[in-house]
Amino acid sequence: MTEEKCPQLVDYFVVAGLDPAGPWRPLDEDGKAASSSSSSPARAVEPVTDLVVIAKGLGEEVPEGFTCIEKTLGGHSAELSAGLINNPHLYLCYRRGRDKPPVLDLGILYEGKEPLKQGWYVIETTPYSRLASLSAGGAPTAHRVFLTYRRALDSQGLHTVGITDIALLLPSKGEVAPHTFCRVDKNLNTGMWGPALYLCYKRYPRYPQEDLEAFPLPESVPVFCLPMGVTVESWPLNTKYQLPVFSTFVLTSASGDKVYGAAIQFYESFPRELLSERQCVRLGLLSVVDRRPITNRSLHVKKSICVLSHWPFFTVFQKFLTFVYRYSISGPHVLPLEKHISSFMHNVPFPSPQRPRILVQLSPYDNLLLCQPVSSPLPLSGASYLKLLQNLGPENACTLLLAVLTEHKLLLHSLRPDVLTSVSEALVSMSFPLRWLCPYIPLCPLQMADVLLAPMPFIVGVHSSYFDLYDPPTDVVCVDLDTNTIFQSDDKKPLSWRSLPRKPGKTLFNTLTNLHRTLEKICTPGQEDATLEFLLTDFDQIYRRQKQLELEIQEVFLRFMSCLLRGYRAFLLPITQAPSDTTTDCSSLFNLQGFLKSRDRTQQKFYSQMTRTQMFTQFIEECSFVSDRHACLEFFDECVQKVDVEKPEEVRLIDLDESHSGEHTVFIMPPEEPQEPDGSECPALYSYETFPTLRPDLFDQPQDQLRVPAKGSAPSSPAPRRTKQEIKLAQKRAQKYSTVPDMWSKCLLGHCYGLWFIYLPTFVRAESAKVRALHTAYDVLKHMENRKVVLPDEVCYRILMQLCGLYGQPVLAVRVLLEMKKAGITPNTITYGYYNKAVLESKWPSTNQGGRLRWAKLRNVLLAVAQFRQPIKRRQKSGSVGSRGAVRDPAGRNKAVDENYNHVSSPSRGGLAGKLQQLLTPTRHRVSVRRAASVDDRRPGGGGGGIGRRVSDQRQSRKSQVAETLLKAKDRLVNATSEVLLSSCSLCRSCNSLVYDEEIMAGWTSDDSNLNSSCPFCSASFVPFLNAEICDLGPVSRYRTRVFRSRSGSRPSPPALPDLPPVLCPQLGGSSVGGAPQVTVAYLSPLVLRKELESLLENEGEAVLAQPQFLDSHSIIFWNLVWYFQRLGLPSNLLQLVQASPLVSQYFLNLFLTAVRVRLLWDTLTPDTDQWPPLYILWRIHSGTPMRSYSWRRHNHPFTLSFLEEVLRWVGMNEVHKAVTLFLDTLAKQPGSPRIQRSLYREFLFLTLAAMGKDHVAAFDKKYKAAYSRLSNTLSRDELRKKRVQPPSPKAIDCRRSFHPTLEC
């Protein structure tokens, strides 16, 4: 299996600042310029959106709003057609704007020599409908030359970064493209004379240059990289450079997706020539009086480099950006800076379970370590609860939590930009599950500070120098993170954490106080220059405690929110009627007054304020409908259940998933330095005075493109998607039930039903009567409730609710919800959301049915009257019908007829031996006579006709539906042309013992990745197998098909063909071509099978279950599903895939399979004929019973007919211990080791089934258990186990009882 590509760690690398080499507008008189990228005009002016070619020689003018490029970079004429004979004087014009997506690339097309690239446009004509070809007018079509361009996609928006400048250059005149421009290496001059002319254009200085389709580069990135703008400063000549300042920011899209940015700001030299005389005077570079240059001062400007990512690895990004900055100011180097940037972006993946630790070697002296984030159900964010508690303390942290929950205006400020983002992220995360919906800017640029005047709540962070320029509004709560001070207006009552609910608020404050003391002791500044030995040895020891403390602080806030919203789900109002205009209002979805009354009276004010916020309203809507936060909300519901105890502070809420953690470390080496042809080192050519303009030609192209993280969304189709929390909870339950014998079988049964409901969407889609299929699924739910099945999750109910919404059955969805509550299951957030979606979006039936309802009532009344009159008529006609034809024994009791036509008397001990003596004379003549008698009993007027007439008409009317079902099954079997035999009996290779179905189930573990079961005889682990054999029955006549009567009297057994002659078995020379197809696959536990099935559907979609290739491509999953569905009697369309399978068609070339019948056998399909035949086979051979022939070889086995009769006699007389002793003594008399693979219990059980029928299985279990207890008094249990005498474990017996009916033998 190939490893899945990991997500990309870094999306963009951006340089922001002023570019002295580019054409930019002059600085203002204060020496300041607004923040911009290194292509300052790209941010000061609008991008290019349109291009045209005009022919000035033909009288065409520049269109309105366009700019004509008349000069090259060196000032020469920029005429495009200078080399043509009939020169039309063509010029290129462009227009800027925001009305359409910008132009991203320019190109030149030599028509006929190369195809047009996909997504590119050709400028074929001028605005005046003349040909815009740059070649000669009389040239053939194959040699025309056109300008081409590529535009941004409409889905990327109007603010996608595109081309900002276009220029033309003449290399023969010494003109070269600036470093910030991309040159198109195709000559525009195709004429016979004239200089070569080239096109170049400028784009945003970032890498990659093209926007990623899933994540276009936001336009506002430079503003956040330099939030206080770009400044040009004059320093004394010998002043040392300031250290780079690290900052982080968060960009939030309209859909709520977050993108994390990490940037460092630094200074570099700036040329004096770009300043005016007045600006030089103000900066102290010229004397005021005589304008004499002052040489003891230097000029510097701010610049920033930044990376954008979907993952908040701020520490890693800081080290990488610091390395890039140091690399740019040192040198010379052999490799350019672009090589290191592209290597980090293309070769460093997001840490995954396969790569939990990634050590990146940036250079021989620089490295950094990435570790897989903590696997937590909480949403990933850039929050640092350590910094929150460090900078605010316990009291102010609780106060700000109150401000967030009541939606106040919060303004955070600090001199440390990175602290602003970490603390702001923690503020919006500690109110989980409530989500902040108002404006949120953790690091707000100066030019966006107008948001502080917004008439709505917000959380904004600014640099503390903002207050040197402006005063904050009076209604804003200002938080100084550097001095741990909260400033509030005197006009309003100051916020206090004591306004929180008393008990959870006090617990929160006390716990934070204790954690703050611990934090002060252990928190030390991180090591910036970590050595390789430190990263590999001491990293975990030093930072593990801080990571643990981070989780403890986060858990404190989570526990507080769980106590705060305890019991909220009881006040959710499901939609149970046809929706109206107010159905989706919060007041209709949540019982607010009931919720408030359930809270303490002293806290009514706080709860009233919180429930009026946008956060709470959105929370109720997310809990009521399907959202992309369903997994997080389900985790919160589990936390609410955990804290609903006497001491919630002692309950652990966040259980870390350590299953994917490991010490495996992946090393990523730095870019390889090139070598000379002779093997010597290349000279160091790359040295930079300032941070360079990135050159696209120096970047390495990715060899194996990493996957860009896709936006998450809620599943819309009824596919079985369990959340991680549901899977984790199901594993815990399975682990718990695996130790309880009577619960393990119910756990397996619940997973089997879960498998069928996962398959249900495919089944309903294939059925013509879809509503009837949905009602069948509803009946299965009720049947599960009657059987007390232990469901591992709510997927069964959820899928049926989704299908009700898909096929417009809202009333059935309401019934499913009621059935769910009847079973004592409270729907979680996911199920509840799908339920409301189903009843809200479906069309409800009309409540006014008029005449139809009246006619239906009249029909029911007439039918009821007719039913009341029938017993009277029957009583008049019946007479003594019930006593005429009944065969009675001398005691007056009716004799029963079992399925093998053996007359069995009452189980009383007296007289049983004599009746068994008549029974145990298995000759062909007696069998034929017995069958003839039974046939005569069925004939009208026969001696036994009273047996059929003694059933009253009333009872038959109650079973009319069952009879109809059996008739349909009989008709299908008449036309059946193939039969599938399935058996799960497997051989343990360690002790050469056959292990049967219930024993395999009892040996499975709760691990959903473990295929092994344990042998009940030697306790060895082995992989059980499921064997399937496909037989060709040929045309089956009606007289050979018989539907058995229900043996229990209340449940019909599946139809069977017990009289199949041996010739119908293909492996014995039957009618099939080339022998019967046999398949052997691993027999999977329902837990393992469910995991594999969910993985298959996740990777290949639901359609794979209905494709003919499913049987051949995923045979293990297919045959296991067929086995379990047949065991539980659940309908499916899987057998139709058998007919279309190439595996079957190659054996049945000339036959059309109209029906496929499945038989589940208890014993193995392929017995070892070198072993002694089992006792039940010998009995059937002596009895002449038709059966599958196994070609048993002639053995000198000791099991004679008299031996079989003696064993059955002891079993029938409840003296099983004597039968066991007889069997063991018989084996002891044989020379050599006995050649048997079945246990003694299995031999006697199958013999009892063959002779007496399935009704005696439960009684036989009790008899054998009592006999084993009696034998254990004389022989040790180890000795009995070696001789395979021990009965199945209680766990195995319970598995057989749960998965009834019993398999065929």
Worksheet item: Looking only at heavy atoms, which two atoms of Phe636 and Pro433 are closest? And how far apart?
Response: CE1-CD, 3.4 Å
Discussion item. Would Ile305 and Phe266 count as a side-chain contact (heavy atoms from CB on, under 4.5 Å) here? Give the steps.
Written reply: CA-CA 9 Å; Ile305 55 177; Phe266 54 89; 4.0 Å; yes
Item to complete: Determine whether the aromatic ring centres of Phe590 and Phe616 lie less than 6.0 Å apart.
Response: yes
Practice prompt. Give, for atom CG of Leu427 and atom CZ of Phe557, the distance between the pair rounded to the nearest 0.5 Å.
Written response: 8.5 Å
Discussion item. If I take atom CD from residue Glu550 and atom CG from residue Leu519, how far apart are they, to the nearest 0.5 angstrom?
Written reply: 9.5 Å
Fill in: With Ser465 via side chain to side chain donor-acceptor pair (under 3.5 Å) - residues at least two apart
His463
Discussion item. Main chain of Ser608, side chain of Thr611: is a donor-acceptor contact present, judged purely on distance under 3.5 Å?
Written reply: yes
Worksheet entry | Side chains of Leu452 and Tyr466 in contact at under 4.5 Å (non-hydrogen atoms) | yes
Worksheet entry | Presence of salt bridge, Glu622 and Arg435, under 4.0 angstrom | yes
Worksheet entry | Row check, Tyr832 ring normal vs Arg569 NZ/CZ: under 6.0 Å, within 45° | yes
Practice prompt. Assess the side chains of Asp480 and Ser414: does a donor N or O sit below 3.5 Å from an acceptor N or O?
Written response: no
Item to complete: Could you tell me whether the side chain of Ser309 and the main chain of Trp311 form a donor-acceptor pair under 3.5 Å?
Response: yes
Discussion item. Rounded at 0.5 Å granularity, tell me how far OG1 in Thr613 sits from CD in Gln618.
Written reply: 10.5 Å
Item to complete: State whether the side chain of Gln265 and the backbone N or O of Leu226 hold a donor-acceptor pair below 3.5 Å, judged by distance alone.
Response: no
Practice prompt. Classify the angle between the aromatic ring planes of Phe571 and Phe595 as parallel (below 30°), tilted (30 to 60°) or perpendicular (above 60°).
Written response: perpendicular
Discussion item. Using every non-hydrogen atom in the two residues, find where His516 and Leu389 come nearest and quote the distance to one decimal.
Written reply: CD2-O, 3.3 Å
Fill in: Tyr568 ring center within less than 6.0 Å of Phe619 ring center
yes
Discussion item. Do Phe606 and Arg599 make a side-chain contact, defined as non-hydrogen atoms from C-beta onward lying under 4.5 Å apart?
Written reply: no
Discussion item. If we ignore hydrogens and angles and just use 3.5 Å, is the side chain of Trp436 paired with the main-chain N or O of Cys438 as donor and acceptor?
Written reply: yes
Item to complete: Starting from the C-alpha separation in whole Å, work towards a yes-or-no answer on side-chain contact (heavy atoms from CB on, under 4.5 Å) for Glu621 and Ser624.
Response: CA-CA 5 Å; Glu621 293 178 356; Ser624 301; 5.8 Å; no
Worksheet item: Do Leu589 and Leu573 touch side chain to side chain, with heavy atoms closer than 4.5 Å?
Response: no
Worksheet entry | Check against side-chain contact (heavy atoms from CB on, under 4.5 Å), His310 and Asp11 | CA-CA 8 Å; His310 283 78; Asp11 297 310; 2.9 Å; yes
Worksheet entry | Nearest non-hydrogen partners of Ser562 and Val640, listed with the distance | O-CG2, 4.1 Å
Worksheet, complete the sentence: Shortest non-hydrogen pair, Pro417 vs Ser247, comes out as CB-CB, 3.2 Å
Response to the item:
When rounded to the nearest 0.5 Å, the distance separating CD1 of Ile441 from CG of Leu420 is 12.5 Å
Item to complete: State whether the side chain of Gln554 and the backbone N or O of Tyr385 hold a donor-acceptor pair below 3.5 Å, judged by distance alone.
Response: no
Worksheet item: For atom CG of Leu453, is the number of surrounding heavy atoms from other residues, nucleotides or ligands below 6.0 Å larger than 12?
Response: yes
Item to complete: State, yes or no, whether a side-chain contact exists between Val245 and Ile264 at a heavy-atom distance under 4.5 Å.
Response: no
Worksheet item: Roughly how far, to the nearest 0.5 Å, is CD of Gln609 from CD of Glu407?
Response: 11.0 Å
Discussion item. Would you call the rings of Tyr260 and Phe314 parallel, tilted or perpendicular, taking 30° and 60° as the class edges?
Written reply: perpendicular
Item to complete: Would you mind reporting whether Leu564 and Pro501 have side-chain heavy atoms less than 4.5 Å apart?
Response: yes
Worksheet item: Between the main-chain N or O of Asn514 and the side-chain N or O of Thr518, is there a donor-acceptor pair closer than 3.5 Å?
Response: yes
Discussion item. Within this structure, what is the CH2-CG distance for the pair Trp497 and Leu512, rounded to the nearest 0.5 Å?
Written reply: 10.0 Å
Item to complete: Report yes or no: does Lys642 contribute a side-chain atom to a donor-acceptor pair with the main-chain N or O of Asp637 at less than 3.5 Å?
Response: no
Item to complete: May I ask you to decide whether Lys258 forms a salt bridge with Glu425, counting only side-chain N to carboxylate O separations under 4.0 Å?
Response: yes
Worksheet item: Do Thr248 and Thr421 get their side chains close enough for a donor-acceptor pair, meaning under 3.5 Å?
Response: yes
Discussion item. Which residue in the set Phe249, Tyr12, Phe13 passes side-chain contact (heavy atoms from CB on, under 4.5 Å) when paired with Cys306?
Written reply: Phe249
Item to complete: Find out whether Val10 and Phe317 are in side-chain contact, i.e. whether some heavy atom of one side chain is under 4.5 Å from a heavy atom of the other.
Response: yes
Fill in: Polar side-chain atom of Asn484 near backbone of Leu392 as donor-acceptor pair, under 3.5 Å
yes
Worksheet entry | Leu515 side chain near Leu549 side chain, heavy-atom distance below 4.5 Å | yes
Fill in: Residue pair Asn396 / Thr399, side-chain donor-acceptor N/O under 3.5 Å
no
Item to complete: Taking Thr617 for its side chain and Gln614 for its backbone only, find out whether a donor-acceptor pair lies under 3.5 Å.
Response: no
Worksheet item: Mind checking whether Pro504 and Leu508 have side chains closer than 4.5 Å, heavy atoms only?
Response: no
Worksheet entry | Intermediate values then yes/no, side-chain contact (heavy atoms from CB on, under 4.5 Å), Val404 and Val428 | CA-CA 8 Å; Val404 172; Val428 298; 6.0 Å; no
